[in-house]
Amino acid sequence: MPCMNILVELRLRFHQALRTVVDDPTDLLDQVVPAQDPRFGDYQANMAMTLANRLSQPQRKVAEQIVQNLQVADLCDPPEVAGPGFINLRLRDDWLAAQLQRISTDPRLGVSPVDDPATFVLDYSSPNVAKPMHVGHIRSTVIGDSLYRILRFLGHRVIGDNHLGDWGTQFGMILYGYKHFRDPSQFAQSLVKELSRLYKLVNQLVEYHQIRQELPELQSQFAQRIEVLDQQQAVAPSADGAEQKRAAKRLRNLKKQVAEMRDKVAAAEKKLAEVEESPELCRLAEQHPNIGSAVLEETARLHAGDPENLGLWHDFLPACRQEIQKIYDRLDVRFDYEYGESFYQERLAEVVARLRQRGLATVSDGAVCLFLDGFDAPMIIQKSDGAYLYATTDLATIDFRMQTFQPDAILYVVDHRQHEHFQKLFAAARLVGYERVDLQHVSFGTVLGNDGKPYKTRAGDTVGLESLLDEAVRRAHAVVAANDDAKPDGPELDDDQRRHIADVVGHAAIKYADLCQNRTSDYKFDYDKMVALEGNTATYMQYSYARTQSIFGKGQIDVQRLRTLDSPLCLQHPTERALGLQVLRLSEAIAEAVVDYRPNILTGYLFDTAKRFSEFYQQCQVLKAESEALRTSRLRLCDLAGQAIRLGLELLGIRVVEKM
RNA sequence: GCGCCCAUAGCUCAGCCGGAUAGAGCAGCGGACUUCUAAUCCGCAGGUCGGAGGUUCGAAUCCUCCUGGGCGUACCA
């Protein structure tokens, strides 16, 4: 079946028409777009104005010339030229009906695989296995999974790789904690919980000593800044206006710095107090004065292949890994590979050696560095103490992926704070000779709390992902139950059904809240908003879907049979037509979502689709339609809408239920 | 200091490789359930698109400057 992408088809037609006017109209084609306003039809073409300038001709005249050459009579009503030279297009109802007829038996709903499949390596989720997953991991996991599904659906070869953090300092902390602080009974009871406690404890003690060492310096810097600020404030204003402005700016910056340092000092003092207020922690801190360096030693021993540490690592890893898998199972997220950092361990020395041999890396202050054009600081690939860094691992990972998968693109779904790291990494990769592969940092913003700061518990801890999901499901259950109880003919769901629905709806709410946001912006995490289950939420879509299925149930409709019926679709009612057209636009939405790897394009499409369906549902009787033909036509529209919603949600990693 | 990102309705955000009167959700106000799920629908109200210049037939969108915020910035990841 040829691809049902109206936009692509129209652009093809415009390409033909424009060739009579210009040699190569390719760059003008993206000016064929969906109409901004329904009054202007379904699609519009705006290139006449641009072209008129190039040709020094009147805009409307150029538009009319284009229209004359344009052959769209089979799919559109006669095009109209409007305003300064817009070309407005309205699709023919019979053409729309025919297209819907064509796609109704297609499980892909008319979305063809791409003509030129590419190989993508998709790097997403990548949590640290030594500690429980928290809210900070949700975006990479959910966005990455969705991109994986979408690219796959489009026929690309996609390799999902979970680049687990299984080899870093965190493990040094756990090793140290295990050797000094473990509680054998807890350990036997729940390995992961105990490891998590040990990690927190060791981390706290390390921080404590570090802060104690650095605090005096920090405080004196703070005092110094205040002094400078006072001096600056005492300076008499300059007569020169420009100078005055500069002074004011300096003052503002200083104030900002002072405020920043005040917060820093306060945070440091708070951390000290937390330890000092607890006799137990105090005692441990005193007993382990060199815990910071000791942790690094444990890490180094692990990396050096020390049998004891390596043995413990092998003991701990499966349990940690299993703990994380619980989350992936709940989120329905999968990977093709999980080559963690440890996998690349043995390749790191070679990466550095090769770069040095080729003269690309140089030693500076004892560290092996890559000095890259356009960056102030170098990319350090080996520390002065000999240890490797994540830049080294990342380079080794690129080597491995290039050799193993020969990808056309590698996508890193990682938060925006690592922007500079990836710019350097990509520059380094090009330096090494990987020039053709498309390296993309698919970055995303931070999950914020209601206060606009990174989402934390009231106590200031990061929020565990598991409890987050539990809470969403709990709230979803309350809403599902309330809605079912309020049904006109009484409740129709038993406890098991309610629990299942709450599970699907709750997880969907979390995922959708994340995906519907433009990935590059920060977003505020708000249970009430996403589980309020109204407006632009997964639930609204799921509810729409359930209503389509409910109609089939009530009318005892055999949907499979319905799809094969060779009866014409009727698009007489405006809501019927709008819904039909919307269904046909699925492929446009998917194609656009992939351009910049933005699932929120798809959520936007689904929201529109659900709205179109609701409008249709409100205004058109389906089961009690005036005629049998109309009833069948509307049933088929319900089916198409349901299919579009289900398929779209599936590409976001969100499931549907038949009843809600 | 340098670099990156951001500023759109009361709130949360779309729109940002230029297009017609700037959109949605929530909150507010007013309507619609003897009718396929009212988790819905319809209507009203709500905006100097942070500010100032510039480019253009046309700017929320591109360029410059300014203001305010976030993040990053040589041996953490």
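Naming: A, B, ... by sequence-line order, numbering from 1 per chain.
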Determine the contact category for [X]: base if any of its heavy atoms lies under 4.0 Å from a base atom, sugar-phosphate if only primed atoms, P, OP1 or OP2 are that close, otherwise nothing.
X        : value
A/Gln170 : nothing
A/Glu615 : sugar-phosphate
A/Gln542 : nothing
A/Cys638 : nothing
A/Ala82  : base
A/Ala387 : nothing

**Study point:** Neighbours of RNA chain B within residues 374-381 of chain A, by heavy-atom distance under 4.0 Å
**Key:**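 Within this stretch, A/Asp376, A/Ala377, A/Pro378, A/Ile380 sit under 4.0 Å of the strand.
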Practice item. Would you mind telling me which residue lines up with the more 5' stretch of RNA chain B, A/Pro84 or A/Glu420, judged by nearest nucleotide? Key: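 Taking each residue's closest nucleotide, the earlier one in sequence belongs to A/Pro84.
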For [N], does the base pair up with any side-chain atom of [X] as donor and acceptor (N or O, under 3.5 Å, distance only)?
X        : N     : answer
A/Tyr543 : B/A39 : no
A/Thr537 : B/G25 : no
A/Thr393 : B/A77 : no
A/Asn88  : B/A20 : yes

[options]: which one has an atom nearest the side-chain heavy atoms of [X]?
X        : options             : answer
A/Thr50  : B/A74, B/A39, B/G19 : B/G19
A/Glu341 : B/G19, B/A39, B/A77 : B/A77
A/Phe371 : B/A74, B/A39, B/U37 : B/A74

When the side chains of residues 57-64 of chain A are checked against the rest of the protein, which donor-acceptor pairs come out under 3.5 Å, sequence neighbours left out?
{"residue": "A/Arg60", "atom": "NH1", "partner": "A/Gly83", "partner atom": "O", "Å": "2.7"}
{"residue": "A/Arg60", "atom": "NH2", "partner": "A/Val81", "partner atom": "O", "Å": "3.3"}

Point to revise | Residues that A/Leu296 engages under side chain to side chain contact (heavy atoms under 4.5 Å, CB included), provided they are two or more places apart | key: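 A/Thr169.
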Exercise for review: For this output row, return yes or no: ring centroids of A/Phe422 and A/Tyr412 closer than 6.0 angstrom.
Suggested key: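 Yes - the distance between ring centres of A/Phe422 and A/Tyr412 falls below the 6.0 Å cut-off.
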Review point. Using a cut-off of less than 4.0 Å, is there contact between a side-chain N or O of A/Asn53 and OP1 or OP2 of B/C57?
Key: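 Checking A/Asn53 against B/C57: at least one side-chain N or O falls below 4.0 Å of OP1 or OP2.
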Check your understanding: Taking only side-chain nitrogens and oxygens of A/Asn483, does any of them come within less than 4.0 Å of OP1 or OP2 of B/A39?
Key ->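 Checking B/A39 against A/Asn483, a side-chain N or O does come within under 4.0 Å of OP1 or OP2.
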Practice item. Find out whether A/Ile654 and A/Gln542 are in side-chain contact, i.e. whether some heavy atom of one side chain is under 4.5 Å from a heavy atom of the other. Key: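 Answer yes - side chains close enough.
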**Study point:** Close side-chain approach of A/Met133 and A/Ile324, heavy atoms under 4.5 Å
**Key:**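 A side-chain contact exists here, since the closest heavy-atom pair is under 4.5 Å.
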Heavy-atom donor-acceptor pair, [X] side chain to [Y] backbone, under 3.5 Å:
X        : Y        : result
A/Arg475 : A/Gly506 : no
A/Lys424 : A/Ala377 : yes
A/His416 : A/Phe444 : yes

Practice item. May I have all residue pairs that pass ring-ring contact (aromatic ring centres under 6.0 Å, His included) and include part of residues 361-397 of chain A, sequence neighbours excluded? Key: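 Sorted pair list: A/Tyr390-A/His421.
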Would you tabulate the nitrogen or oxygen pairs shorter than 3.5 Å linking the protein to nucleotides 32-36 of chain B?
{"residue": "B/U35", "atom": "O2'", "partner": "A/Lys624", "partner atom": "NZ", "Å": "3.4"}
{"residue": "B/U35", "atom": "O2", "partner": "A/Gln621", "partner atom": "NE2", "Å": "3.4"}
{"residue": "B/C36", "atom": "O3'", "partner": "A/Lys554", "partner atom": "NZ", "Å": "3.4"}
{"residue": "B/C36", "atom": "O2", "partner": "A/Leu623", "partner atom": "N", "Å": "3.1"}
{"residue": "B/C36", "atom": "N3", "partner": "A/Val622", "partner atom": "N", "Å": "3.1"}
{"residue": "B/C36", "atom": "N4", "partner": "A/Tyr617", "partner atom": "O", "Å": "2.5"}
{"residue": "B/C36", "atom": "N4", "partner": "A/Cys620", "partner atom": "O", "Å": "2.5"}

Looking only at atom [atom1], what distance separates [N] and [M], rounded to whole Å?
N     : M     : atom1 : answer
B/U8  : B/C49 : C1'   : 4 Å
B/G10 : B/U73 : C1'   : 38 Å
B/G28 : B/U67 : C1'   : 32 Å
B/G43 : B/U61 : C1'   : 31 Å
B/A38 : B/A32 : C1'   : 9 Å
B/A74 : B/U56 : C1'   : 45 Å
B/C5  : B/G15 : P     : 16 Å
B/A22 : B/C66 : P     : 30 Å

Review point. Do A/Lys487 and A/Asp484 sit within salt-bridge range, that is, some charged N less than 4.0 Å from a carboxylate O?
Key: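 Salt bridge: yes.
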Check your understanding: Can we say A/Asp451 and A/Lys456 salt-bridge, meaning some charged N sits less than 4.0 Å from an Asp/Glu carboxylate O?
Key ->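 No.
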**Study point:** Those residues that, when tested against A/Asp394, pass salt bridge (Lys or Arg N to Asp or Glu O under 4.0 Å) (two or more places apart)
**Key:**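 None.
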Review point. Rounded to whole angstroms, how far apart are CZ on A/Arg60 and P on B/G58?
Key: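 Taking CZ of A/Arg60 and P of B/G58, I get 18 Å after rounding.
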Exercise for review: Answer yes or no for this row: A/Phe86 ring on B/G19 base, centroids under 5.5 Å, planes under 30°.
Suggested key: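 No, A/Phe86 does not stack on the base of B/G19.
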Review point. May A/Phe607 be described as stacking on the base of B/A24, applying a 5.5 Å centroid limit and a 30° limit on plane angle?
Key: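 Here the ring of A/Phe607 and the base of B/A24 are not stacked, as the 5.5 Å and 30° limits are not both satisfied.
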Contact list (N/O, under 3.5 angstrom) for nucleotides 7-9 of chain B vs protein:
none

Point to revise | Charged tip of A/Arg139 within 45° of A/Phe525 ring normal and under 6.0 Å | key: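 Checked: cation-pi criterion not met.
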**Study point:** Identified side-chain contact (heavy atoms from CB on, under 4.5 Å) counterpart of A/Ile381 within the set A/Thr393, A/Leu360, A/Leu355
**Key:**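 When side-chain contact (heavy atoms from CB on, under 4.5 Å) is applied between A/Ile381 and each of A/Thr393, A/Leu360, A/Leu355, only A/Leu355 qualifies.
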Check your understanding: RNA chain B: stems of at least 3 consecutive Watson-Crick or G-U pairs, cut-off 3.5 Å?
Key ->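 In RNA chain B, stems of three or more pairs: B:1-7 with B:67-73, B:10-13 with B:23-26, B:28-32 with B:40-44, B:50-54 with B:62-66.
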Point to revise | A/Glu80 atom CD: more than 12 heavy-atom contacts under 6.0 Å | key: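 Atom CD in A/Glu80 is not crowded, with 12 or fewer foreign heavy atoms closer than 6.0 Å.
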Please produce a list of atom pairs where a protein N or O lies less than 3.5 Å from an N or O of nucleotides 13-17 of chain B.
{"residue": "B/C13", "atom": "OP1", "partner": "A/Lys524", "partner atom": "N", "Å": "3.2"}
{"residue": "B/C13", "atom": "O3'", "partner": "A/Gln517", "partner atom": "OE1", "Å": "2.9"}
{"residue": "B/A14", "atom": "OP1", "partner": "A/Asn518", "partner atom": "N", "Å": "3.4"}
{"residue": "B/A14", "atom": "OP1", "partner": "A/Ser521", "partner atom": "OG", "Å": "2.2"}
{"residue": "B/G15", "atom": "OP1", "partner": "A/Arg598", "partner atom": "NH1", "Å": "2.9"}
{"residue": "B/G15", "atom": "OP2", "partner": "A/Asn518", "partner atom": "ND2", "Å": "3.0"}

Exercise for review: State which residues pass ring-ring contact (aromatic ring centres under 6.0 Å, His included) with A/His477; sequence neighbours excluded, sorted by chain then number.
Suggested key: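 So A/His477 forms no ring-ring contact (aromatic ring centres under 6.0 Å, His included) with any residue.
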Practice item. For A/Glu207, enumerate each residue passing the side-chain hydrogen bond (donor to acceptor under 3.5 Å, both in side chains) test, keeping only those at least two apart in sequence or located in another chain. Key: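 Once residues adjacent in sequence are excluded, the partners of A/Glu207 under the side-chain hydrogen bond (donor to acceptor under 3.5 Å, both in side chains) criterion are A/Lys271.
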Can you give the donor-acceptor pairs under 3.5 Å from side chains of residues 545-555 of chain A to other protein atoms, not counting sequence neighbours?
{"residue": "A/Tyr545", "atom": "OH", "partner": "A/Glu658", "partner atom": "OE2", "Å": "3.4"}
{"residue": "A/Arg547", "atom": "NH2", "partner": "A/Ser614", "partner atom": "OG", "Å": "3.4"}
{"residue": "A/Thr548", "atom": "OG1", "partner": "A/Tyr545", "partner atom": "O", "Å": "2.5"}

**Study point:** Side-chain donor-acceptor contact under 3.5 Å, A/Ser443 with A/His441
**Key:**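 A/Ser443 vs A/His441: no donor-acceptor pair found between side chains.
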